[in-house]
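In what follows, chains carry the letters A, B, and so on, assigned in the order in which the sequence lines appear, proteins first and then strands, with residues in each chain numbered from 1.
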Amino acid sequence: MAVIAKDSLIGRRIPKMDAPEKTAGKTRYVQDMKLPGQLVGMILRTDRVHARIKRIDTSRAQALPGVHAVLTAADIPQKPIGVNKDNPPLKGDKVRCIRDEIAAVAAESEEIAKAALKLIEVEYEDLPGLFDPTQAMQPGAPVIQEAKPNNIAMVFDYAHGDVGAGEAESDVVVEDEFYLHYVTHCCMGVSGVIADFEPTSGNLTIYSNTQVPFLHKREFSEVLGMDPGRIRIIQPPIGGGFGSKLDIYPFEPIAVYLAKATRRPVKLVFSREEEFIASPTRQPAIVKLRSGCKKDGTLTFRTVDILLDNGGYTSWGATIPFVMMQTFSSLYRVPHCLYHTKAVYTNNPYAGSFRGYGNLQATFAVEQQIDKMAEAIGMDNLAFRLKNAQAPGEVTGQGMVFKSCGFKECLTTAAERSGYVQKFSANAANRSKPSARKRGIGMASMLHVGGGAKIYPSDGCGTILKLDDFAHVTLITGASEIGQGSETVLSQLVCEELGLPMSAVTVVNNDTEITPWDVGVHASRTTFIAGNSAIGAARKAKEKILALASKVANLTPEQLDMRGGCIVRAEDGEVVMPLPKLLRSLHFSDKAELVMTTNYYEPPSVHQGKDFKGDVSATYAWATQVCEVEVDTDTGIVKLLKVTAAHDVGRVLNRLGLEGQIEGGIVMGQGYALSEDMVFKQGKLLNPAFRDYKLMTAPEVPEMDISFIESMDGEGPQGAKGVGEAPAICMAAAIANAIYNATGVRMTNLPFTPENVYRALKGAS
Amino acid sequence: MVERYVAAKTVEEALEALSGGDATVVAGGTDVMPQSQAGRLKLGRTLVNIRRVAALSGLALTGDEINIGPLTTVADLNEHDLIRQHLPVLADAADKFASPQIRNMGTIGGNVCNASPAGDLLVPLLLLNAEVELRSSNGRRRMKLQDFFAGPGKSHKKPGELLTAILAPLPKAGFTARFEKFGTRPALDISTVSVGIAGVMAYGGLQEVRVAFGAVAPTPMRGPATEHALEGKKLDDAAIEAAAQAAMQEVKPISDVRATDWYRRELVHNLVRKVLQDVARG
Ligand SMILES: Cc1cc2nc3c(=O)[nH]c(=O)nc-3n(C[C@H](O)[C@H](O)[C@H](O)COP(=O)(O)OP(=O)(O)OC[C@H]3O[C@@H](n4cnc5c(N)ncnc54)[C@H](O)[C@@H]3O)c2cc1C
């Protein structure tokens, strides 16, 4: 008989399953879909930033041939949406920011819909605008949301220890104010939805780009006053998420209302300009940080006061303090921490969640002050970091338990591979030389959840696994694919358990009618949570298969294994029987049975109470990134030359996918630091196009040296941790430190666009 | 609203279509399409595609001038031997232009007629003392490129006129020209500022100096004060600084979403200095 050696898929370079289709241009996104009878939905947005709506006249639009419905706030139930339930899908009383939706049309064609929007007359009474969050609490400041007369949308407070005591024992105290700007996700697939009511049953199907289908279903049921059981969400392939599709936004219920009014499917897709204006941004922040240390480099305390511009309405951006808090309290050993944040309403646009969820902002502040303090006490900043970095087994002031922890290995690996310490002092010594181009090197580390985040009472994910008579596997998972490669890694984990090739798996992951519950794609959780869920389902299947095989083979299940599509003897790999044959014998026997398993995985983490203490994630991830830059002092251009990254990933599962994730994150972080910038003037976006909103392009991508620290997490799927957000987090902080190393100028305000850098170098304001 | 589409094959056909009035010429379309879609350009009733007019493409050396067909693409400029050999500054500007896709589509004629103060081929063409030939159903005329521009997006070309040639005299022996474009990233960027300096190198300095600037005034502009500051001077640190100062004073930049006027002036100063230091080094 043939023999099959033990083999493993873990750590291999496996191309994404959806790559061939995407590179061939065959993927059909929501943009490409057309349902029979489908109408085009379009939204009229205001051109005012703060105004009372006195009158809307839609009669001329209604009369336009080809127009099937024109809706305003008067035509729909007043059910505000969003995190604070402060955002009515169509605004009736007043508008609060430039993106505000005031009317919507459904028409035969895009041209007709556009023409109809032009025929809608709106009369406003302008109200004083509020664009500076620092003025939101001044007496007499305009009130944005009547329910919140003090303009405060959300507050977070947290403390451990006693910062007064910490400060008293400090030899050095530093204090800075950091400003972090507006950027946006720039998904290649713009926002879009199709709403379709089944004519007889009245059941609703929504074709949606959402990252959270099950939470969405519930949101929709509340807004529409509909039984959630009658709402089905199907996700066509999603052209990028990065957190932007984590909330419900006005355009979605608007499409549903239009479909309801017209009894036709309505498709509503943004233009690129609309995507810039009306999709969420990264949360801007003003961070005041005061920290201290002793002469020997021991950190003593952090006092944090953060002001967030909430914009006109509240989406997830307002809740980033939840994540920022983890960095302030627990990135390095912090004996005392006091933390206060406020999100205030203004007439600016509102922020949503965005890869990193506040951690870019927090890390920017923390890691710059680490360098400052090290310099103040005359200590090498790598040694300073190593002194304060945690080791496995430590519990932080916030109650996070660092079961596996590769923090120090991240620091030393990135430092050694980049020649950090030597270059740092050489660059500093070269600062005074006359050359216009200065070299700099900078480092930053980050801490982020790596095993989900229990921000809801459940952080679970369900899996259904089915093997057919030919040993083909259908993996039905609650976890959505948004381009991050979840289908591939989940299939890989299942194949690893069942000894099958990747080609043996089909993934079903995009229909709430079929897939089991999952909380959604966020918090870098899918590989960890959905991976554990899938492994559990595969193990149940394996157990069942080997139990039967043991009868056939006259061996115990422990003596058997599954390899290469066969049942084999574990000790020497000798083939006992091909798997399909065994499955058919099970199926067509007297006690006919199929191999179908289900599994629900709930991570061992804590849903924190009001004090925000507890072990919120099943594990944590670390990374250190070192950036090398060249600053052209004639122009202010900062060229990113090289990034040396070391990531504690638990264990490498799909090396190709992992590298892609890290590389993409680095470039996203680079864009945040160096070029991306939404320029607002009095609440209006001046650059809603890629021409003047500058994403990084291929020539700017730096050389990268990426190392993986395999800390083998005990709870992780095959030892892995989540890393989706991690690679974007350190970049701005590391680049800021590198600019300082090159020039001696500390940049506390993002972005580091050439003009901003030049201005700082000139000392001009 | 476009009512008529003419894919002209000859200059005469194109002029005929233009003579009806309210017509828009399309060459590569890389300005026309984005501008009309953004609502900044209203397309005329007749759309005249000149891409197939053979007589408008091609490059030739006739006598002592190079005749550049307006349909010459930016990619052609970058690659063509005549340009590389005689007008390398134009090839260099073409190399710094947009992305390969846009370079393949966009034409020199489009760049000239679009008359953007930031048009990247315009500064080198000013350095080369280029002229343009315009034709209408009533005849043809020639004018200096320097006199062609009227304001941002505006030129002295009349609605019925077609740009039929761009003519650059063969530079003298010893002629050197440099073009520096500043954008915030190396690829696919509209110039925030661009600077061109040219002249004949002699006695450690420049003679017959020509200086031009882009994106710092309503039109691409020549810099007479900077030219004057440089003419015949030995390129030492003091002369370079004096020229850089003259340059930053004679430009008239505005503040927009890409840069403030202050920064543009600083860039002009520093880029002029950089180019001159480079020229001085040889
Ligand atoms: C993504 C992108 C990046 C770009 N980057 C750059 C850049 O880096 N630098 C730069 O300078 N420009 C840039 N541009 C602008 C544009 O590509 C150039 O101006 C290009 O040279 C225009 O040529 P075209 O043939 O496409 O012109 P078209 O769009 O066809 O025409 C432009 C204008 O000229 C008129 N016209 C064209 N040819 C004639 C003719 N022979 N006679 C009369 N009128 C005529 C048209 O009616 C129109 O008004 C960019 C554009 C895009 C979309």
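Checking B:D92, B:D120, B:D95 one by one against B:K181, the salt bridge (Lys or Arg N to Asp or Glu O under 4.0 Å) holds for a single residue, B:D120.
Heavy atoms closer than 4.5 Å to chain B are found in both the backbone and the side chain of A:T635. Proximity to chain B is limited to the side chain of A:I637, based on heavy atoms less than 4.5 angstrom apart. Of the two parts of B:S99, neither the backbone nor the side chain holds a non-hydrogen atom closer than 4.5 Å to a non-hydrogen atom of chain A. Both the backbone and the side chain of A:D634 come within less than 4.5 Å of a heavy atom of chain B.
In this structure the side chain of A:E628 never reaches within 4.5 angstrom of the side chain of A:P702, judged on heavy atoms.
Interface summary for chain A: among B:V257, B:L271, B:D256, the most heavy-atom pairs under 4.5 angstrom belong to B:V257.
With ring centers used as reference points, A:F131 lies 6.0 Å or more from A:F680.
Seen from the ring of A:Y740, A:R431 counts as a face-on cation partner, given the 6.0 Å and 45° thresholds.
With values rounded to the nearest 0.5 angstrom, B:D278 atom CG is found 13.0 Å from B:R273 atom CZ.
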